[in-house]
Amino acid sequence: MLQIILILAVFVLCVIPMGRYMYHIASGRKTFADPLFDRVDNGIYRICRIDRTGMDWKQYTLNLLMTNGVMVFAGYAVLRLQEILFLNPNGIEGMESTLSFNTIISFMTNTNLQHYSGESGLSYLSQMAVIIFMMFTSAASGYAACMALCRGFAGRKKDLGNFYEDMIRITTRIFLPWCLVFGLVLIWQGSPCTFGGNFTVETIQDKFQSFAVGPIAALEIIKHLGTNGGGFLGANSATPFENPTIVTNLIELISMMILPGACVLTFGKMTMERRKEIKQAAAASNMPVPVKEKEPLFGKQGRTVFAAMAVIFLIGLTVCYFSEKAGNPRLEEVGLNQDMGSMEGKEVRFGIDQSALFTTVTTSFTTGTVNNMHDTLTPLGGMIPLLHMMLNNVFGGIGVGLMNMLMYAILTVFICGLMVGRTPEYLGKKIEGKEMKLVAIVILIHPLLILGFSALAVSTQAGLSGITNPTFHGLSQVLYEYSSAAANNGSGFEGLADNSYFWNITAGLAMFFGRYIAIVAQLAIAGSLLAKKRVTESVGTMRTDNVMFTVLLVFIVYIFAALTFFPALALGPIAEHLTLWF
């Protein structure tokens, strides 16, 4: 437990300076890196002929969708033609059409769900020109959408910013430098990075074993920093090539946590800056100026949202940790000692502690990378990653968790406003019918995709043929697949035979709609709030920056989860737990 506490402490210490740095990037303020990166950015703007003028929400959304669409078609062509292209020393054939569809949608939506094994399904060109490239661009697209939403909520500008500028600045000022430095650390720790083909060695049992290598370290760091999760190798970060030591395990954990956490701090700083402007305006008009308070590092709004996410995360981590520590009672009955906990499917290098932490982090921060087999988790231990993907707002991927949690914040003030008979307000803007309809779309599309496709899978022969476990665990496998797809997470129980027409197409559709319907609706909300005039606070205004609001926000999130997902969870992991223990 000391390991877990220290890692979480390191996360909090790292997220504060990173959040400040990202705030300066998002708001166009000066940073220490400007002398170098301004030249790089300006060169890209000139070469690509990018118009850096501000965009309204429709322009921002259209440019995001068009850019992603072009990359989807180009990447699909590479996957289909990889057999005849270069950098293919292992002679890997072109990818089948439905698997190519699933793969390209998966990586463009920042999901990285893999229905193939990387070492046998992709050439080195596909790994770099499609997989690694889209790990950068999909993460940058999500960050750009989040920053546009934050600007809309903060209401400091007349537009939502420029999509291309946001995308380029996060790539050149965070992704590339971080990946260069920590990619070298991974190589130092033993992660391969080569264009050489697979090699075969003779083992001490006088047998031969082949090892897959390639540009693994180059993919590994952006996999975590961009909250992508797709592995170069089929076993992902459980393999010594992708995750050689406890040092690399720590780097990978912090990498996938730091930017989603920093986005919350950035949001808090943006809303705090707006409060400064209000005070300055009040002073200029000879109106009473609020008493000067010491401003917290996160900003009050950011602190509230961060606290709500942290509470849900810590509850999930605690349940997962103690469930795995409890072991398997059926194995205890047949004489297998469970004092170490349930070690099935776990690396002995990491044990229960690092496996439980990694499992909770990768599904809370919507990364999807794994250092243990989630299919072998205990029923309640496996329910936590499943539940956090169903919530899809516990930090989430870069910006995604914040965007979704802000939808729940609006829902919270709306419900509380109805209870006291007032028009709800959030950050000084009235929440009216238009915004609530859009919020309803964002919140309801997620369970609709998960439960709708799961129902289709268990009611058709094509879906049933992929289920390898006919018991309660089989339903958990199906729920996990579509929760991972709709939440753009990418991890899997891996007991599912999912490389088929049915699973490739349905999971691809879940990833596509789960990503883009939510983004379009959220940017529409940002545009609507940006156009509204700010209302004056009164004694009846509900505060959204205190402990009470944090409690209400957590309560609303769990209530919504119970109303939508509890019946499915009761038939899956909960029923499996009851049959195992009673």
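Nothing here was measured: the structure is a model prediction, and the numbers come from that model.
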| S100 side chain to M95 backbone, donor-acceptor under 3.5 Å | yes
| query | Taking atom types as modelled and ignoring hydrogens, do the side chains of T360 and Y321 form a donor-acceptor contact shorter than 3.5 angstrom? | reply | no
| Do the side-chain N and O atoms of H115 and E96 include a donor-acceptor pair separated by under 3.5 angstrom? | no
| Do N243 and T248 get their side chains close enough for a donor-acceptor pair, meaning under 3.5 Å? | yes
| query | Are I174 and M18 close enough that some pair of their side-chain heavy atoms sits under 4.5 Å apart? | reply | yes
| Measuring from L186:CG to S255:OG, what's the distance to the nearest 0.5 Å? | 8.0 Å
| said: Using only atom types and a distance under 3.5 Å, with no angle test, would you say the side chain of E252 pairs donor to acceptor with the backbone of H224? | reply: no
| Are N404 and Q522 linked by a side-chain donor-acceptor pair shorter than 3.5 Å? | yes
| query | What are the two closest non-hydrogen atoms of T171 and A140, and how far apart are they? | reply | OG1-CB, 3.6 Å
| Given V400 and R515, is the side chain to side chain contact (heavy atoms under 4.5 Å, CB included) satisfied, shown in steps? | CA-CA 9 Å; V400 173; R515 172 79 162 184; 4.0 Å; yes
| query | Looking only at atom types and distance, does a side-chain atom of T245 sit under 3.5 Å from a main-chain N or O of V247, one as donor and one as acceptor? | reply | yes
| Min side-chain heavy-atom separation F565-L387 under 4.5 Å | no
| field | Polar side chain donor-acceptor pair, S237 to N371, under 3.5 angstrom | value | no
| task | Please check if any side-chain donor atom of T367 sits under 3.5 Å from a side-chain acceptor atom of T369, or the reverse. | result | no
| task | Check for a donor-acceptor pair, side chain of S484 on one end and backbone N or O of G490 on the other, with a separation under 3.5 Å. | result | yes
| said: Any donor-acceptor pair under 3.5 Å linking the side-chain atoms of T363 with those of H388? | reply: no
| query | Just by distance, do the side chain of N504 and the backbone of F101 share a donor-acceptor pair under 3.5 Å? | reply | no
| query | Would you say the side chain of I254 lies within less than 4.5 Å of the side chain of F11, judging by non-hydrogen atoms? | reply | yes
| message | Using side-chain heavy atoms (C-beta onward) and a distance below 4.5 Å, is Q354 in contact with L253? | response | yes
| Any donor-acceptor N or O pair under 3.5 Å, side chains E119, S117 | yes
| said: Using only atom types and a distance under 3.5 Å, with no angle test, would you say the side chain of T366 pairs donor to acceptor with the backbone of G397? | reply: yes
| task | Could you tell me whether the side chains of N112 and K223 share a donor-acceptor contact shorter than 3.5 Å? | result | no
| field | Derivation of the side chain to side chain contact (heavy atoms under 4.5 Å, CB included) call for T227 and L259 | value | CA-CA 9 Å; T227 61; L259 295 186; over 6 Å; no
| said: More than 12 heavy atoms of other residues, nucleotides or ligands under 6.0 Å from CZ of F211: yes or no? | reply: yes
| said: I'd like to know if the side chain of N469 pairs up with that of Q477 as donor and acceptor (distance under 3.5 Å, no hydrogens or angles considered). | reply: no
| field | Check: M270 and M147 side chains under 4.5 Å, non-hydrogen atoms | value | yes
| message | For the backbone of F133 and the side chain of T137, can you confirm whether one donor and one acceptor N or O come within less than 3.5 Å of each other? | response | yes
| field | Pair S491, Y480: side-chain N/O donor-acceptor within cut-off below 3.5 Å | value | yes
| query | What's the verdict on side chain to side chain contact (heavy atoms under 4.5 Å, CB included) for L475 and V458, showing C-alpha distance, side-chain angles and the deciding distance? | reply | CA-CA 8 Å; L475 178 60; V458 298; 4.3 Å; yes
| query | Would you find a donor on one side and an acceptor on the other, under 3.5 Å apart, between the side chain of T266 and the backbone of G19? | reply | yes
| field | Reported CD1-to-OG1 distance for the pair I168 and T172, which is rounded to 0.5 angstrom | value | 7.5 Å
| request: Kindly assign one of parallel, tilted or perpendicular to the pair F107 and Y116, based on the angle between their ring planes and the thresholds 30° and 60°. | output: tilted
| task | Please work out which of the three classes, parallel, tilted or perpendicular, describes the rings of F306 and F395, given edges at 30° and 60°. | result | perpendicular
| task | For atom CH2 of W188, decide whether the heavy atoms of other residues, nucleotides or ligands shown that lie under 6.0 angstrom number more than 12. | result | no
| F358 and F350: CA distance, side-chain angles, deciding distance, ring pair (Phe, Tyr, Trp, His ring centres under 6.0 Å) verdict | CA-CA 10 Å; F358 208 99; F350 305 131; 7.5 Å; no
| request: Taking N228 for its side chain and G230 for its backbone only, find out whether a donor-acceptor pair lies under 3.5 Å. | output: no
| request: May I have the step-by-step check of side chain to side chain contact (heavy atoms under 4.5 Å, CB included) for C263 and M22, ending in yes or no? | output: CA-CA 7 Å; C263 281; M22 289 179 65; 3.6 Å; yes
| remark: Here the gap from I315 atom CD1 to Y558 atom OH, rounded to the nearest 0.5 Å, amounts to 4.0 Å
| task | Measure from the side-chain N and O atoms of R349 to the backbone N and O of A238, and report whether any donor-acceptor pair falls under 3.5 Å. | result | yes
